[in-house]
Q: 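Here it is, the structure in full.
Indexing begins at 1, ligand by ligand and atom by atom, following the structure's order. Computation of the quantities below employed the complete heavy-atom set of this structure, encompassing side-chain atoms and omitting hydrogens, waters and symmetry-equivalent molecules. This one's a predicted model, so the numbers in the text were calculated from it and none came from an experiment.
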Amino acid sequence: MWCPGCGHGIVLNGLIRAVEQLGIDKNDIVMVSGIGCSSRISGYLDFHTLHTVHGRALAFATGIKMSRPDLNLLVPMGDGDALAIGGNHFIHAARRNIDMTAIIMNNRVYGMTGGQYSPLSAYGTLATTAPYTNIDHSFDIVQLAIAAGATFVARTTTYHVQQISEMLKEAITHKGFSVVEILSQCPTYYGRKNKEGGASEMMEIMKENTTPIGSKAKQENPNLIERGVFVKKETPEYCSQYDKIIERAMKGK
Ligand SMILES: Cc1ncc(C[n+]2csc(CCOP(=O)(O)OP(=O)(O)O)c2C)c(N)n1
Ligand code: SF4
């Protein structure tokens, strides 16, 4: 389903490795996705999968988790799916700290629909809907997730393949709302429009423009994008709190 060189395939690979290494039974995993090239990841996997509507994957996933808190919820999204149409669901899922893993494949564009700019397209970039440059400023997914209350927040790129699996393992086992942003390449639209070259050149750019959190390189060049785990904290998880409310209601006090 994906174009040759699309970064989303690398994310799929990293996710499969993470699940295998954790030894989770595929029947204990529910993957809920919306619409977008990234969201098609569910079509490649033999978990319980729901391919829902654009921007609403977290809302569907919330319903499933509330009724079956024993299952592992994975919610893969594109930057458009998660933060344009789905932005409202994203901040509220983070605020509630519901136990699920949001995997955001950030290619800074709407790939599926032909390369329109997204809320993650940086100021000054080109898109089919911004032929004279984009004048919108982009979100920082990590900062937004932290501010909204996510209790596990991490970022990596498709260049850093092993880090994808390691981060996803940590995110999946974390009890609470986990966000893993993975910078991914769309050579077909973003790469071509912004003259970044093919997939390998785009991955080289991700390598050059990112650095581990708090590195010396970051101090010398503040424009570098940090990779790593930004937040990992224990806060009461939504479903377990909800169970307590049910218990109180049953007792009538
Ligand atoms: C309600 C609704 N609005 C708009 C669309 C059209 N649409 C489909 S996918 C998409 C954006 C895809 O971009 P992103 O989520 O970043 O994923 P990518 O394809 O880049 O992986 C849009 C606008 C739709 N399917 N449904
Ligand atoms: S259009 Fe872009 S995001 Fe979609 S499959 Fe092709 S390379 Fe991937």
Q: Could you work out, with salt bridge (Lys or Arg N to Asp or Glu O under 4.0 Å) as the rule, every residue matching Lys232, not counting sequence neighbours?
A: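 Here the qualifying residues are Glu170.
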Q: For ligand 1, is there an N or O atom under 3.5 Å from any N or O atom of Tyr110?
A: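 There is no such contact.
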Q: Would you list the protein N, O or S atoms within less than 2.8 Å of atom 2 (Fe) of ligand 2, leaving out water?
A: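 The answer is Cys186 SG.
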Q: For Ser38, is at least one N or O under 3.5 Å away from an N or O on ligand 1?
A: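 Yes - when backbone and side-chain N and O of Ser38 are compared with those of ligand 1, one distance drops under 3.5 Å.
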Q: Within less than 4.0 angstrom of ligand 1, does His8 place any heavy atom?
A: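 The answer is yes, since His8 has a heavy atom less than 4.0 Å from ligand 1.
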Q: Between Gly111 and ligand 1, is there a nitrogen or oxygen pair with a distance under 3.5 Å?
A: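 Between Gly111 and ligand 1 (N or O atoms, distance only) the closest approach is under 3.5 Å.
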Q: More than 12 non-hydrogen atoms from neighbouring residues, nucleotides or ligands closer than 6.0 Å to CZ on Phe47, yes or no?
A: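 Atom CZ in Phe47 is crowded, with more than 12 foreign heavy atoms closer than 6.0 Å.
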Q: Which of the atoms of ligand 1 are close to Cys37, meaning less than 4.0 Å from one of its heavy atoms?
A: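 Here the atoms of ligand 1 in question are 18 (P), 19 (O), 21 (O).
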Q: Nearest protein heavy-atom contact for atom 25 (N) of ligand 1: which residue, which atom, what distance?
A: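 I find the closest protein heavy atom is Ile35 CG2, 3.7 Å.
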Q: Check Val109 against ligand 1 and report side chain, backbone, both or neither, counting heavy atoms closer than 4.0 Å.
A: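 For Val109, only backbone atoms sit under 4.0 Å from ligand 1.
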Q: What part of His54, side chain from CB on, backbone N/CA/C/O, both or neither, has a heavy atom under 4.0 Å from ligand 1?
A: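 The part of His54 near ligand 1 is the side chain, not the backbone.
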Q: Could you find the nearest protein heavy atom to atom 6 (C) of ligand 1 and give me its residue, atom name and distance?
A: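 Looking only at protein heavy atoms, the one closest to atom 6 (C) of ligand 1 is Thr113 CG2, 3.7 Å.
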Q: With atoms numbered from 1 as shown, which atoms in ligand 1 lie under 4.0 angstrom from a non-hydrogen atom of Gly80?
A: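 Listed by number with element, the hits are 14 (P), 15 (O), 16 (O).
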Q: Should you measure from each heavy atom of Asp81, which atoms of ligand 1 turn up under 4.0 Å away?
A: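 Close to Asp81: 14 (P), 15 (O).
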Q: Can you list the atoms of ligand 1 that are under 4.0 Å from a heavy atom of Gly78?
A: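 Here the atoms of ligand 1 in question are 14 (P), 15 (O), 16 (O), 17 (O).
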Q: Other residues, nucleotides and ligands only: do more than 12 of their heavy atoms fall within 6.0 Å of CD1 on Ile135?
A: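 No - once you tally the heavy atoms of other residues, nucleotides and ligands closer than 6.0 Å, there are 12 at most.
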Q: Quickly, which of Met202, Glu196, Glu201 forms a side chain to side chain contact (heavy atoms under 4.5 Å, CB included) with Pro187? Name it, please.
A: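 With Pro187 as partner, side chain to side chain contact (heavy atoms under 4.5 Å, CB included) holds for just one option, Met202.
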Q: What is the distance from atom OH of Tyr238 to atom CE of Met66, rounded to the nearest 0.5 Å?
A: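 Output value for this atom pair is 5.0 Å.
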